[in-house]
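Here the structure comes first, spelled out in structure tokens, and everything after it is commentary.
Quick caveat: nothing in here was measured; it's all calculated off a predicted structure.
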Amino acid sequence: MIENAVEYEKAIAELRSLQDRLDALQRDYPIGEKGFTKAGIRKLIARINEELAVFEGSAEARAT
């Protein structure tokens with residue numbers, strides 16, 4: 001769970017890294033190959049996006 005701005009920035013960096021890794025896998029391996037790896041990366045991306053959304057929502061609530 002993201003608790004502060006430093007963790008938020010780390011999560012953004014991790015998200016970019018995972019997206020780059022997924023893009024490379026999709027480019028290098030056709031559909032049907034490395035499927036579990038791609039699915040795992042997508043799952044990690046989804047988890048980070050959810051955590052970012054929760055943090056952004058709480059930050060927005062604190063600001064008002």
Side-chain angles (χ1 to χ4, degrees):
M1 193 56 98
I2 300 170
E3 298 292 330
N4 56 48
V6 173
E7 291 177 1
Y8 179 82
E9 292 301 323
K10 286 181 183 178
I12 293 288
E14 183 179 357
L15 185 61
R16 287 185 187 128
S17 174
L18 287 169
Q19 189 61 51
D20 290 344
R21 186 171 172 199
L22 180 60
D23 291 343
L25 281 171
Q26 289 176 329
R27 187 177 47 252
D28 296 341
Y29 297 96
I31 294 174
E33 292 185 30
K34 299 280 184 174
F36 288 118
T37 302
K38 291 178 201 175
I41 293 172
R42 285 188 192 101
K43 188 173 181 179
L44 288 171
I45 289 171
R47 181 189 53 82
I48 292 171
N49 277 320
E50 288 176 12
E51 289 184 14
L52 290 171
V54 168
F55 180 78
E56 290 166 354
S58 67
E60 202 171 293
R62 285 190 302 252
T64 57

Has Lys34 got more than 12 heavy atoms of other residues, nucleotides or ligands less than 6.0 Å from its NZ? no

Quick one: list whatever passes side-chain hydrogen bond (donor to acceptor under 3.5 Å, both in side chains) with Arg42, sequence neighbours left out. none

Salt bridge (charged side-chain N to carboxylate O under 4.0 Å, His left out) partners of Glu7, counting only residues at least two apart: none

Taking side-chain hydrogen bond (donor to acceptor under 3.5 Å, both in side chains) as the test, write out the residues that go with Gln19, two or more places apart. Asp23

Between the OG atom in Ser17 and the NZ atom in Lys10, the distance rounded to the nearest 0.5 Å is 14.5 Å

Going through the distances and angles, do Leu18 and Ile48 end up as a side-chain contact (heavy atoms from CB on, under 4.5 Å)? CA-CA 10 Å; Leu18 287 169; Ile48 292 171; 3.6 Å; yes

Tightest non-hydrogen contact, residues Leu25 and Lys38, listed as O-CE, 3.9 Å

Across all chains, not counting sequence neighbours, the side chain to side chain contact (heavy atoms under 4.5 Å, CB included) partners of Arg21 are Ile41

Residues two or more places apart in sequence or in another chain: which of them pass side-chain hydrogen bond (donor to acceptor under 3.5 Å, both in side chains) with Glu51? Arg47

Give, for atom CD1 of Ile2 and atom CG of Leu52, the distance between the pair rounded to the nearest 0.5 Å. 4.0 Å

Nearest 0.5 angstrom please: Leu22 CG to Leu44 CG, how far? 10.5 Å

Taking only residues at least two apart or on different chains, which pairs with a member in residues 5-32 satisfy ring-ring contact (aromatic ring centres under 6.0 Å, His included)? Tyr8-Phe55

Distance from Gln26 atom CD to Glu33 atom CD, nearest 0.5 Å? 13.0 Å

Please determine whether residues Val54 and Ile12 belong to a single hydrophobic cluster, defined as Ile, Leu, Val, Met, Phe, Trp and Tyr linked transitively by side-chain heavy-atom distances below 4.5 Å. no

Locate the shortest heavy-atom distance separating Asn4 from Val6; write the atom from each residue and the value. OD1-N, 3.1 Å

